[in-house]
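For reference, the structure discussed in these notes is given below.
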Amino acid sequence: MDPKKAPRDAADAKRIALAILGRPDDWGPDFVKRTPYLSAPGYWPVLDTDCAWEAGTAPRSVLYSVTAYSEIPAAGGKGPLRVAATVTVHRTVTDADWEMASTLEEALRCPEQELRQGERITSLKSLAVPYGADENLDTLMEQGSYLADAFKGPQSYSWYQMRIGQVSVAAVVKGAPGRPPAEGNTAQIRVTGLMQARAKTQLGANS
């Protein structure tokens, strides 16, 4: 990383995060913005002791974090394929490492999680790739079953997160009836690749 390009404050971190963030067309040509499109300022999800996600306060180690919500709307008997991209800019590389470790711990602690009322994931499994084993990037993958009151039967769920220096990027896909898992996987690979490339550019990383 180029030290001269490291974020100096929250405003600088916001600029970097928004430059990296995956937009609807980064997922694929059929994706559009959801409403609301961007997470509220200061939003930080926390997994409580009952394995339910709730709104919390971002730790001091986070300079800025933002999530963009997109989807392929329901059509032709197929449900909506909903996705989200998140970029978090930490104060230091060590802080970003700790976030990756915390995310892995959450999956191990709570293989079943309540995303919000009427939505949950079950049978969550995770795989972490340590520093130096994947282009010097920390990588975390999670897969499980997505259950929603609006759908019949379980759907696919996939989370992919990677760290580039003091920045982490993540992409989540929640499946829907009529949407094969491969459709979401392709979109997820596409958006994470684009965010990874942008993060390297923003931080002056060597190719």
Side-chain angles (χ1 to χ4, degrees), residues 1-29 31 33-34 36-46 56-70 83-107 126-142 158-173 184-207:
M1 306 300 159
D2 183 350
K4 295 180 181 179
K5 292 191 174 183
R8 299 177 297 275
D9 51 32
D12 206 22
K14 179 179 180 179
R15 175 188 60 78
I16 290 173
L18 293 176
I20 296 170
L21 189 63
R23 300 176 287 271
D25 57 348
D26 292 331
W27 293 87
F31 285 89
K33 294 180 180 180
R34 292 184 62 192
Y37 172 56
L38 295 180
S39 55
Y43 171 72
W44 186 260
V46 175
T57 302
R60 290 179 56 83
S61 60
V62 172
L63 285 172
Y64 187 78
S65 184
V66 62
T67 298
Y69 304 95
S70 305
V83 300
T86 299
V87 179
T88 302
V89 182
H90 297 267
R91 291 184 183 275
T92 67
V93 172
T94 300
D95 293 331
D97 275 335
W98 275 109
E99 187 211 357
M100 298 291 290
S102 297
T103 302
L104 177 61
E105 186 275 335
E106 288 165 349
S126 61
L127 172 65
V129 179
Y131 182 82
D134 182 16
E135 296 184 351
N136 292 328
L137 301 176
D138 281 332
T139 304
L140 177 63
M141 294 158 280
E142 297 179 354
S158 179
W159 172 280
Y160 190 90
Q161 182 174 337
M162 65 173 60
R163 180 188 65 79
I164 306 94
Q166 67 199 85
V167 173
S168 67
V169 300
V172 61
V173 176
N185 292 341
T186 298
Q188 191 174 45
I189 291 170
R190 172 174 167 149
V191 75
T192 51
L194 288 169
M195 289 196 293
Q196 174 188 344
R198 290 173 186 159
K200 287 184 174 183
T201 297
Q202 290 295 317
L203 298 174
N206 293 326
S207 299

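Nothing here was measured: the structure is a model prediction, and the numbers come from that model. The analysis underlying the following values was restricted to heavy atoms, covering all of them including side chains, and did not include hydrogens, waters or symmetry mates.
By the salt bridge (Lys or Arg N to Asp or Glu O under 4.0 Å) test, Asp12 pairs with Arg8, Arg15, sequence neighbours left out.
Between the CE atom in Met100 and the CD atom in Glu105 there is a gap of 14.0 Å [rounded to 0.5 Å]. Expressed to the nearest 0.5 Å, how far CD of Gln161 lies from CD of Glu142 amounts to 8.0 Å. Considering CZ of Arg34 and OG of Ser70, their distance stands at 9.0 Å, rounded to 0.5 Å. Of the inter-residue distances, the one linking Tyr43 atom OH with Thr86 atom OG1 reads 8.5 Å to the nearest 0.5 angstrom.
The closest side-chain heavy-atom distance from Leu21 to Leu38 is below 4.5 Å. Looking at heavy atoms from C-beta onward, Thr192 lies out of side-chain contact with Leu194 at the 4.5 angstrom threshold. Side-chain contact between Thr88 and Val167: absent, with no pair of heavy atoms (C-beta onward) separated by less than 4.5 Å. In this structure, the side chains of Ile20 and Gln202 come closer than 4.5 Å at one or more pairs of heavy atoms. Residues Trp159 and Ser126 are not in side-chain contact: their nearest non-hydrogen atoms beyond the backbone lie 4.5 Å or more apart. You'll find the side chain of Val66 reaches within 4.5 Å of the side chain of Leu18, heavy atoms only. In this structure the side chain of Leu203 never reaches within 4.5 angstrom of the side chain of Asp2, judged on heavy atoms.
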Please report the C-alpha distance between Arg163 and Val93 in whole Å, then the side-chain angles of each, then the deciding distance to 0.1 Å, and finally whether the side-chain contact (heavy atoms from CB on, under 4.5 Å) criterion is met. CA-CA 9 Å; Arg163 180 188 65 79; Val93 172; 3.4 Å; yes
Checking Tyr160 against Leu140 for the side-chain contact (heavy atoms from CB on, under 4.5 Å) test, could you report, in this order, the C-alpha distance in whole Å, the side-chain angles of both residues, the deciding distance, and whether it holds? CA-CA 6 Å; Tyr160 190 90; Leu140 177 63; over 6 Å; no
Apply side-chain contact (heavy atoms from CB on, under 4.5 Å) to residues Leu63 and Lys14 and explain how you reach the verdict. CA-CA 8 Å; Leu63 285 172; Lys14 179 179 180 179; over 6 Å; no
Take Trp44 and Ser65 through the side-chain contact (heavy atoms from CB on, under 4.5 Å) test and state the conclusion after the steps. CA-CA 8 Å; Trp44 186 260; Ser65 184; 3.8 Å; yes
Test side chain to side chain donor-acceptor pair (under 3.5 Å) applied to Asp95 and Thr92, step by step: CA-CA 5 Å; Asp95 293 331; Thr92 67; 3.0 Å; yes
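Summarising the geometry of Tyr64 relative to Ala17, their closest heavy-atom pair is CD2-CB, 3.6 Å, with the distance given to 0.1 Å. Annotation for Ala96 and Gly165: closest pair CB-O, 3.7 Å, computed over non-hydrogen atoms. In terms of heavy atoms, Pro24 sits closest to Phe31 at O-CB, 3.2 Å. What you find for Ala171 and Trp27 is that their closest heavy atoms are CB-CH2, 3.5 Å. Pairing each heavy atom of Thr67 with each of Ala84, the nearest pair is CG2-CB, 3.9 Å. Taking each heavy atom of Lys5 and Ile16 in turn, the nearest pair found is O-CD1, 4.0 Å.
Of the possible donor and acceptor atoms, one in the side chain of Gln166 sits under 3.5 Å from a partner among the backbone N and O of His90.
Sorted by first and then second residue, the salt bridge (Lys or Arg N to Asp or Glu O under 4.0 Å) pairs involving residues 185-199 (not counting sequence neighbours) are Asp26-Arg198.
None of Leu104, Ile164, Asp97 except one satisfies the side-chain contact (heavy atoms from CB on, under 4.5 Å) rule with Asp138; the exception is Asp97.
In this model, a donor atom of one side chain and an acceptor atom of the other lie less than 3.5 Å apart for Ser158 and Gln188.
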